[in-house]
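Computed from a predicted model, the values in this text were never measured in an experiment. All values below come from the heavy atoms of this structure, side chains included, with hydrogens, waters and symmetry mates left out.
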There are 2 protein chains.
Amino acid sequence: MTKQTNDLLTRGPSDHSVRDQVVEAATAHFGHFGYEKTTVSDLAKAIGFSKAYIYKFFDSKQAIGEVICANRLSQIAEIVNNALADVPTASEKLRRLLRTLTEAGTDLFFHDRMLYDIAAVASRDNWPSAVAHQARLRQLIQEIILEGRQAGEFERKTPLDEAAEAIYLVMRPYICPLQLQYNLDSAPAAAVLLSSLILRSLSP
Amino acid sequence: MTKQTNDLLTRGPSDHSVRDQVVEAATAHFGHFGYEKTTVSDLAKAIGFSKAYIYKFFDSKQAIGEVICANRLSQIAEIVNNALADVPTASEKLRRLLRTLTEAGTDLFFHDRMLYDIAAVASRDNWPSAVAHQARLRQLIQEIILEGRQAGEFERKTPLDEAAEAIYLVMRPYICPLQLQYNLDSAPAAAVLLSSLILRSLSP
(Lines give C-alpha, C1' and ligand atoms only; values in the text may rest on other atoms or scores of the structure.)
Protein backbone atom coordinates (compact mmCIF):
# COMPACT_ATOMS: atom_id res chain seq x y z
CA MET A 1 0.00 0.00 0.00
CA THR A 2 1.41 3.40 -0.97
CA LYS A 3 1.58 6.17 1.56
CA GLN A 4 -0.95 8.18 -0.40
CA THR A 5 -3.58 5.44 -0.47
CA ASN A 6 -2.94 4.79 3.19
CA ASP A 7 -3.50 8.44 4.01
CA LEU A 8 -6.76 8.51 2.15
CA LEU A 9 -7.99 5.39 3.88
CA THR A 10 -7.09 6.43 7.38
CA ARG A 11 -7.32 10.19 7.36
CA GLY A 12 -10.25 11.28 5.25
CA PRO A 13 -13.52 9.90 4.04
CA SER A 14 -13.17 7.29 1.31
CA ASP A 15 -13.10 8.50 -2.32
CA HIS A 16 -16.39 6.78 -2.86
CA SER A 17 -18.15 8.63 -0.11
CA VAL A 18 -16.68 12.00 -1.11
CA ARG A 19 -17.92 11.46 -4.66
CA ASP A 20 -21.35 10.61 -3.30
CA GLN A 21 -21.32 13.67 -1.06
CA VAL A 22 -20.43 15.96 -3.97
CA VAL A 23 -23.09 14.41 -6.20
CA GLU A 24 -25.72 14.67 -3.49
CA ALA A 25 -24.91 18.30 -2.71
CA ALA A 26 -24.69 19.15 -6.40
CA THR A 27 -28.09 17.54 -7.07
CA ALA A 28 -29.63 19.76 -4.39
CA HIS A 29 -27.70 22.83 -5.53
CA PHE A 30 -28.41 22.44 -9.26
CA GLY A 31 -31.99 21.54 -8.33
CA HIS A 32 -32.30 24.92 -6.69
CA PHE A 33 -30.19 27.24 -8.82
CA GLY A 34 -30.14 25.42 -12.15
CA TYR A 35 -27.31 23.55 -13.81
CA GLU A 36 -26.27 26.03 -16.46
CA LYS A 37 -26.09 28.98 -14.08
CA THR A 38 -24.02 27.23 -11.39
CA THR A 39 -20.22 27.16 -11.52
CA VAL A 40 -17.93 24.68 -9.75
CA SER A 41 -16.88 27.58 -7.49
CA ASP A 42 -20.52 28.17 -6.42
CA LEU A 43 -20.86 24.49 -5.77
CA ALA A 44 -17.62 24.28 -3.76
CA LYS A 45 -18.71 27.22 -1.60
CA ALA A 46 -22.12 25.65 -1.00
CA ILE A 47 -20.65 22.27 -0.04
CA GLY A 48 -17.83 23.71 1.99
CA PHE A 49 -15.08 21.97 0.00
CA SER A 50 -12.38 23.76 -1.94
CA LYS A 51 -12.74 23.93 -5.72
CA ALA A 52 -9.41 22.04 -6.01
CA TYR A 53 -10.73 19.26 -3.81
CA ILE A 54 -13.81 18.82 -6.00
CA TYR A 55 -11.56 18.72 -9.07
CA LYS A 56 -9.72 15.78 -7.47
CA PHE A 57 -12.88 13.76 -7.93
CA PHE A 58 -14.51 15.24 -11.01
CA ASP A 59 -12.85 16.62 -14.13
CA SER A 60 -15.52 19.23 -14.74
CA LYS A 61 -18.99 20.42 -13.88
CA GLN A 62 -20.27 18.25 -16.69
CA ALA A 63 -18.72 15.17 -15.03
CA ILE A 64 -20.85 15.88 -11.95
CA GLY A 65 -23.92 16.56 -14.10
CA GLU A 66 -23.25 13.28 -15.90
CA VAL A 67 -23.50 11.28 -12.68
CA ILE A 68 -26.72 13.07 -11.70
CA CYS A 69 -28.18 12.53 -15.15
CA ALA A 70 -27.11 8.88 -15.27
CA ASN A 71 -28.71 8.30 -11.85
CA ARG A 72 -31.99 9.78 -12.99
CA LEU A 73 -31.95 7.90 -16.29
CA SER A 74 -31.33 4.65 -14.38
CA GLN A 75 -34.40 5.42 -12.30
CA ILE A 76 -36.43 5.95 -15.47
CA ALA A 77 -35.07 2.69 -16.92
CA GLU A 78 -36.17 0.91 -13.75
CA ILE A 79 -39.65 2.45 -13.93
CA VAL A 80 -39.88 1.23 -17.54
CA ASN A 81 -38.71 -2.27 -16.62
CA ASN A 82 -41.27 -2.49 -13.83
CA ALA A 83 -44.05 -1.22 -16.10
CA LEU A 84 -43.22 -3.87 -18.71
CA ALA A 85 -42.68 -6.82 -16.37
CA ASP A 86 -45.43 -9.43 -16.58
CA VAL A 87 -47.11 -7.71 -19.54
CA PRO A 88 -48.19 -10.70 -21.65
CA THR A 89 -48.13 -9.30 -25.20
CA ALA A 90 -45.61 -7.35 -27.24
CA SER A 91 -48.38 -5.00 -28.42
CA GLU A 92 -49.27 -4.05 -24.89
CA LYS A 93 -45.57 -3.67 -24.06
CA LEU A 94 -45.16 -1.05 -26.81
CA ARG A 95 -48.20 0.85 -25.55
CA ARG A 96 -46.90 0.78 -21.99
CA LEU A 97 -43.41 1.78 -23.06
CA LEU A 98 -44.54 5.01 -24.70
CA ARG A 99 -47.04 5.80 -21.94
CA THR A 100 -44.52 5.18 -19.16
CA LEU A 101 -41.75 7.22 -20.79
CA THR A 102 -44.16 10.09 -21.44
CA GLU A 103 -45.36 10.03 -17.83
CA ALA A 104 -41.86 9.78 -16.38
CA GLY A 105 -40.66 12.70 -18.49
CA THR A 106 -43.72 14.83 -17.68
CA ASP A 107 -43.33 14.04 -14.01
CA LEU A 108 -39.69 15.11 -14.08
CA PHE A 109 -40.63 18.34 -15.86
CA PHE A 110 -43.28 19.32 -13.30
CA HIS A 111 -41.66 18.02 -10.13
CA ASP A 112 -37.95 18.42 -10.71
CA ARG A 113 -37.64 21.10 -13.30
CA MET A 114 -33.96 21.80 -12.72
CA LEU A 115 -33.05 18.14 -13.14
CA TYR A 116 -35.19 18.12 -16.26
CA ASP A 117 -33.03 20.94 -17.54
CA ILE A 118 -29.87 18.91 -16.87
CA ALA A 119 -31.42 16.07 -18.88
CA ALA A 120 -32.18 18.54 -21.67
CA VAL A 121 -28.55 19.75 -21.72
CA ALA A 122 -27.40 16.10 -21.69
CA SER A 123 -29.58 15.37 -24.68
CA ARG A 124 -28.62 18.53 -26.57
CA ASP A 125 -24.90 17.95 -26.05
CA ASN A 126 -24.98 14.17 -26.49
CA TRP A 127 -23.60 13.31 -23.06
CA PRO A 128 -22.63 9.63 -22.76
CA SER A 129 -25.43 9.03 -20.22
CA ALA A 130 -28.06 10.38 -22.62
CA VAL A 131 -26.62 8.48 -25.59
CA ALA A 132 -26.56 5.25 -23.54
CA HIS A 133 -30.18 5.79 -22.47
CA GLN A 134 -31.28 6.24 -26.08
CA ALA A 135 -29.36 3.11 -27.11
CA ARG A 136 -31.04 1.12 -24.31
CA LEU A 137 -34.47 2.24 -25.50
CA ARG A 138 -33.70 1.37 -29.13
CA GLN A 139 -32.54 -2.06 -27.98
CA LEU A 140 -35.68 -2.54 -25.91
CA ILE A 141 -37.91 -1.64 -28.87
CA GLN A 142 -36.06 -4.20 -31.03
CA GLU A 143 -36.53 -6.88 -28.40
CA ILE A 144 -40.26 -6.18 -28.13
CA ILE A 145 -40.70 -6.28 -31.92
CA LEU A 146 -38.80 -9.56 -32.06
CA GLU A 147 -40.98 -10.99 -29.31
CA GLY A 148 -44.11 -9.90 -31.19
CA ARG A 149 -42.84 -11.38 -34.45
CA GLN A 150 -42.10 -14.70 -32.77
CA ALA A 151 -45.58 -14.73 -31.24
CA GLY A 152 -47.18 -13.96 -34.61
CA GLU A 153 -48.50 -10.59 -33.39
CA PHE A 154 -46.37 -8.52 -35.80
CA GLU A 155 -45.48 -8.62 -39.49
CA ARG A 156 -42.04 -9.92 -40.44
CA LYS A 157 -41.38 -8.32 -43.82
CA THR A 158 -39.81 -5.04 -42.71
CA PRO A 159 -36.13 -5.31 -41.71
CA LEU A 160 -36.03 -5.42 -37.91
CA ASP A 161 -33.64 -2.50 -37.49
CA GLU A 162 -35.67 -0.31 -39.85
CA ALA A 163 -38.92 -1.05 -38.02
CA ALA A 164 -37.29 -0.43 -34.63
CA GLU A 165 -35.61 2.82 -35.66
CA ALA A 166 -38.83 4.19 -37.16
CA ILE A 167 -40.76 3.38 -33.96
CA TYR A 168 -38.03 4.99 -31.89
CA LEU A 169 -38.35 8.13 -34.05
CA VAL A 170 -42.11 8.22 -33.50
CA MET A 171 -41.55 8.00 -29.73
CA ARG A 172 -38.57 10.37 -29.53
CA PRO A 173 -40.50 13.68 -29.24
CA TYR A 174 -42.09 12.27 -26.07
CA ILE A 175 -38.84 10.83 -24.69
CA CYS A 176 -36.30 13.54 -25.48
CA PRO A 177 -36.57 16.31 -22.86
CA LEU A 178 -35.68 18.97 -25.42
CA GLN A 179 -38.78 18.13 -27.41
CA LEU A 180 -41.14 16.85 -24.72
CA GLN A 181 -41.37 20.32 -23.19
CA TYR A 182 -43.24 21.46 -26.32
CA ASN A 183 -45.52 18.42 -26.27
CA LEU A 184 -46.55 18.28 -22.61
CA ASP A 185 -50.19 19.27 -23.13
CA SER A 186 -50.81 16.84 -25.92
CA ALA A 187 -48.56 14.04 -24.60
CA PRO A 188 -51.16 11.75 -22.93
CA ALA A 189 -53.50 11.80 -25.93
CA ALA A 190 -50.57 11.60 -28.35
CA ALA A 191 -49.19 8.52 -26.58
CA VAL A 192 -52.50 6.71 -27.17
CA LEU A 193 -52.85 7.77 -30.81
CA LEU A 194 -49.21 7.06 -31.67
CA SER A 195 -49.19 3.64 -29.98
CA SER A 196 -52.23 2.69 -32.08
CA LEU A 197 -50.55 3.94 -35.23
CA ILE A 198 -47.37 2.01 -34.38
CA LEU A 199 -49.38 -1.17 -33.80
CA ARG A 200 -51.23 -0.71 -37.10
CA SER A 201 -47.83 -0.40 -38.79
CA LEU A 202 -46.78 -3.71 -37.21
CA SER A 203 -49.91 -5.69 -38.00
CA PRO A 204 -49.20 -8.82 -40.04
CA MET B 1 -66.40 60.12 -49.12
CA THR B 2 -65.48 61.41 -45.65
CA LYS B 3 -62.89 64.07 -45.28
CA GLN B 4 -60.54 61.67 -43.54
CA THR B 5 -60.63 59.07 -46.29
CA ASN B 6 -60.24 61.79 -48.81
CA ASP B 7 -57.18 63.14 -47.02
CA LEU B 8 -55.57 59.74 -46.93
CA LEU B 9 -56.22 59.19 -50.60
CA THR B 10 -54.92 62.49 -51.73
CA ARG B 11 -52.24 63.41 -49.21
CA GLY B 12 -50.30 60.34 -48.23
CA PRO B 13 -49.54 56.93 -49.55
CA SER B 14 -52.51 54.53 -49.39
CA ASP B 15 -52.99 52.51 -46.17
CA HIS B 16 -52.25 49.41 -48.16
CA SER B 17 -48.89 50.60 -49.38
CA VAL B 18 -47.89 51.89 -45.92
CA ARG B 19 -48.70 48.50 -44.41
CA ASP B 20 -46.64 46.83 -47.12
CA GLN B 21 -43.77 49.24 -46.52
CA VAL B 22 -43.80 48.54 -42.77
CA VAL B 23 -43.94 44.78 -43.32
CA GLU B 24 -41.14 44.90 -45.86
CA ALA B 25 -38.89 47.00 -43.63
CA ALA B 26 -39.76 44.90 -40.59
CA THR B 27 -38.93 41.69 -42.44
CA ALA B 28 -35.48 43.08 -43.25
CA HIS B 29 -35.00 44.51 -39.75
CA PHE B 30 -36.14 41.39 -37.84
CA GLY B 31 -34.15 39.30 -40.31
CA HIS B 32 -31.05 41.18 -39.26
CA PHE B 33 -31.57 41.86 -35.56
CA GLY B 34 -34.03 39.16 -34.57
CA TYR B 35 -37.70 39.43 -33.76
CA GLU B 36 -37.60 39.09 -30.00
CA LYS B 37 -34.83 41.67 -29.54
CA THR B 38 -36.41 44.36 -31.72
CA THR B 39 -38.93 46.86 -30.33
CA VAL B 40 -41.45 48.89 -32.32
CA SER B 41 -39.32 51.96 -31.46
CA ASP B 42 -36.23 50.35 -33.06
CA LEU B 43 -38.32 49.50 -36.06
CA ALA B 44 -39.80 53.01 -36.33
CA LYS B 45 -36.33 54.55 -36.16
CA ALA B 46 -35.00 52.16 -38.82
CA ILE B 47 -37.90 52.85 -41.21
CA GLY B 48 -37.99 56.57 -40.55
CA PHE B 49 -41.64 56.59 -39.43
CA SER B 50 -42.86 57.66 -36.00
CA LYS B 51 -43.86 54.91 -33.57
CA ALA B 52 -47.38 56.44 -33.44
CA TYR B 53 -47.64 56.22 -37.22
CA ILE B 54 -46.75 52.52 -37.19
CA TYR B 55 -49.34 51.94 -34.46
CA LYS B 56 -51.96 53.46 -36.80
CA PHE B 57 -51.49 50.41 -39.00
CA PHE B 58 -50.54 47.64 -36.59
CA ASP B 59 -51.77 47.08 -33.03
CA SER B 60 -48.50 45.61 -31.84
CA LYS B 61 -45.17 44.16 -32.83
CA GLN B 62 -46.84 40.76 -32.93
CA ALA B 63 -49.33 42.03 -35.50
CA ILE B 64 -46.39 42.86 -37.78
CA GLY B 65 -44.75 39.52 -37.02
CA GLU B 66 -48.04 37.81 -37.81
CA VAL B 67 -48.10 39.22 -41.33
CA ILE B 68 -44.49 38.21 -41.93
CA CYS B 69 -45.15 34.75 -40.56
CA ALA B 70 -48.38 34.32 -42.53
CA ASN B 71 -46.54 35.36 -45.73
CA ARG B 72 -43.85 32.77 -45.14
CA LEU B 73 -46.32 30.04 -44.25
CA SER B 74 -48.26 30.80 -47.45
CA GLN B 75 -45.04 30.32 -49.37
CA ILE B 76 -44.52 26.95 -47.68
CA ALA B 77 -48.13 25.97 -48.43
CA GLU B 78 -47.51 26.84 -52.08
CA ILE B 79 -44.32 24.77 -52.17
CA VAL B 80 -46.28 21.84 -50.72
CA ASN B 81 -49.10 22.24 -53.25
CA ASN B 82 -46.62 22.29 -56.12
CA ALA B 83 -44.81 19.24 -54.78
CA LEU B 84 -48.06 17.29 -54.54
CA ALA B 85 -49.59 18.37 -57.86
CA ASP B 86 -49.68 15.58 -60.45
CA VAL B 87 -48.51 12.95 -57.96
CA PRO B 88 -50.61 9.94 -58.99
CA THR B 89 -50.98 8.01 -55.69
CA ALA B 90 -51.98 8.95 -52.16
CA SER B 91 -49.01 6.94 -50.80
CA GLU B 92 -46.55 8.98 -52.78
CA LYS B 93 -48.35 12.17 -51.76
CA LEU B 94 -47.79 11.39 -48.08
CA ARG B 95 -44.11 10.70 -48.70
CA ARG B 96 -43.72 13.94 -50.64
CA LEU B 97 -45.63 15.91 -48.00
CA LEU B 98 -43.29 14.96 -45.18
CA ARG B 99 -40.18 15.34 -47.33
CA THR B 100 -41.23 18.73 -48.66
CA LEU B 101 -42.16 20.13 -45.25
CA THR B 102 -38.90 18.88 -43.76
CA GLU B 103 -36.89 20.44 -46.58
CA ALA B 104 -38.77 23.75 -46.45
CA GLY B 105 -38.28 24.00 -42.68
CA THR B 106 -34.59 23.06 -42.87
CA ASP B 107 -34.08 25.56 -45.66
CA LEU B 108 -35.68 28.32 -43.60
CA PHE B 109 -33.50 27.42 -40.59
CA PHE B 110 -30.25 27.61 -42.55
CA HIS B 111 -31.05 30.47 -44.93
CA ASP B 112 -33.35 32.73 -42.97
CA ARG B 113 -32.61 31.99 -39.37
CA MET B 114 -34.29 35.10 -37.99
CA LEU B 115 -37.51 34.39 -39.84
CA TYR B 116 -37.27 30.81 -38.60
CA ASP B 117 -37.17 32.25 -35.10
CA ILE B 118 -40.34 34.28 -35.77
CA ALA B 119 -42.01 31.05 -36.91
CA ALA B 120 -40.82 29.37 -33.69
CA VAL B 121 -42.32 32.17 -31.57
CA ALA B 122 -45.54 31.93 -33.62
CA SER B 123 -45.70 28.23 -32.94
CA ARG B 124 -44.83 28.53 -29.23
CA ASP B 125 -47.42 31.25 -28.65
CA ASN B 126 -50.10 29.80 -30.94
CA TRP B 127 -50.34 32.79 -33.25
CA PRO B 128 -53.37 32.60 -35.55
CA SER B 129 -51.11 32.22 -38.61
CA ALA B 130 -49.36 29.18 -37.07
CA VAL B 131 -52.62 27.62 -35.90
CA ALA B 132 -54.15 28.10 -39.37
CA HIS B 133 -51.09 26.51 -40.99
CA GLN B 134 -51.39 23.46 -38.73
CA ALA B 135 -55.12 23.19 -39.48
CA ARG B 136 -54.40 23.34 -43.23
CA LEU B 137 -51.88 20.51 -42.92
CA ARG B 138 -54.26 18.35 -40.86
CA GLN B 139 -56.93 18.93 -43.50
CA LEU B 140 -54.52 18.04 -46.29
CA ILE B 141 -53.54 14.78 -44.53
CA GLN B 142 -57.23 13.86 -44.20
CA GLU B 143 -57.83 14.53 -47.87
CA ILE B 144 -54.88 12.36 -48.89
CA ILE B 145 -56.02 9.50 -46.65
CA LEU B 146 -59.53 9.74 -48.08
CA GLU B 147 -58.13 9.67 -51.60
CA GLY B 148 -56.05 6.58 -50.74
CA ARG B 149 -59.06 4.86 -49.18
CA GLN B 150 -61.18 5.54 -52.21
CA ALA B 151 -58.47 4.16 -54.50
CA GLY B 152 -58.12 1.04 -52.31
CA GLU B 153 -54.53 1.90 -51.34
CA PHE B 154 -55.31 2.36 -47.61
CA GLU B 155 -57.27 0.48 -44.96
CA ARG B 156 -60.70 1.83 -44.00
CA LYS B 157 -61.23 0.46 -40.49
CA THR B 158 -59.58 3.25 -38.47
CA PRO B 159 -61.75 6.36 -38.00
CA LEU B 160 -60.53 8.94 -40.51
CA ASP B 161 -59.91 11.70 -37.97
CA GLU B 162 -57.96 9.35 -35.69
CA ALA B 163 -55.73 8.15 -38.54
CA ALA B 164 -55.16 11.72 -39.75
CA GLU B 165 -54.37 13.11 -36.31
CA ALA B 166 -51.89 10.30 -35.56
CA ILE B 167 -50.09 10.89 -38.86
CA TYR B 168 -50.00 14.61 -38.17
CA LEU B 169 -48.41 13.86 -34.77
CA VAL B 170 -45.76 11.68 -36.42
CA MET B 171 -44.92 14.51 -38.81
CA ARG B 172 -45.13 17.38 -36.31
CA PRO B 173 -41.54 17.21 -34.98
CA TYR B 174 -40.36 17.83 -38.55
CA ILE B 175 -42.92 20.56 -39.27
CA CYS B 176 -42.97 22.55 -36.03
CA PRO B 177 -39.96 24.93 -35.99
CA LEU B 178 -39.61 24.58 -32.21
CA GLN B 179 -38.92 20.89 -32.57
CA LEU B 180 -37.34 20.71 -36.02
CA GLN B 181 -34.27 22.59 -34.78
CA TYR B 182 -33.40 19.54 -32.64
CA ASN B 183 -34.03 17.13 -35.52
CA LEU B 184 -32.18 18.84 -38.36
CA ASP B 185 -29.36 16.29 -38.66
CA SER B 186 -31.63 13.30 -38.68
CA ALA B 187 -34.50 14.89 -40.61
CA PRO B 188 -33.82 13.59 -44.16
CA ALA B 189 -33.37 9.98 -43.00
CA ALA B 190 -36.23 10.30 -40.52
CA ALA B 191 -38.58 11.54 -43.24
CA VAL B 192 -37.93 8.36 -45.25
CA LEU B 193 -38.26 5.98 -42.28
CA LEU B 194 -41.37 7.69 -40.91
CA SER B 195 -43.13 7.85 -44.28
CA SER B 196 -42.60 4.10 -44.64
CA LEU B 197 -43.94 3.48 -41.14
CA ILE B 198 -46.98 5.68 -41.85
CA LEU B 199 -47.66 3.78 -45.07
CA ARG B 200 -47.35 0.42 -43.27
CA SER B 201 -49.90 1.70 -40.75
CA LEU B 202 -52.28 2.53 -43.61
CA SER B 203 -51.93 -0.71 -45.56
CA PRO B 204 -55.25 -2.52 -46.07
So what's closer than 4.5 Å to chain B heavy atoms on A:Tyr168: side chain, backbone, both or neither? neither
Would you indicate whether A:Asp125, at its atom CG, is surrounded by more than 12 heavy atoms from other residues, nucleotides or ligands within a distance under 6.0 Å? yes
More than 12 foreign heavy atoms under 6.0 Å from CG of B:Asn82: is that the case here? yes
How about B:Glu24: does its CD atom have over 12 heavy atoms from other parts shown lying under 6.0 Å from it? no
Say you draw a straight line from CZ of A:Arg200 to CG of B:Leu202; how long is it, rounded to the nearest 0.5 Å? 7.5 Å
Answer with side chain, backbone, both or neither: which region of A:Ser196 has an atom nearer than 4.5 Å to a non-hydrogen atom of chain B? side chain
What's the separation between atom CG in B:Leu194 and atom CG in A:Leu169, rounded to the nearest 0.5 Å? 5.0 Å
Work out which heavy atom in B:Ala166 is nearest to a heavy atom in A:Leu197; give both atom names and the distance. CB-CD1, 3.6 Å
State the OG-CD distance between A:Ser203 and B:Glu155, to the nearest 0.5 angstrom. 8.5 Å
So for A:Arg172, is it side chain, backbone, both, or neither that comes closer than 4.5 Å to the heavy atoms of chain B? side chain
Under a 4.5 Å heavy-atom cut-off, does chain A meet the side chain of B:Ser186, its backbone, both or neither? side chain
Does any heavy atom of chain B fall under 4.5 Å from the side chain of A:Ile167, the backbone, both, or neither of them? both
Counting neighbours of CG on A:Asp59 that are heavy atoms of other residues, nucleotides or ligands and sit closer than 6.0 Å, is the number greater than 12? no
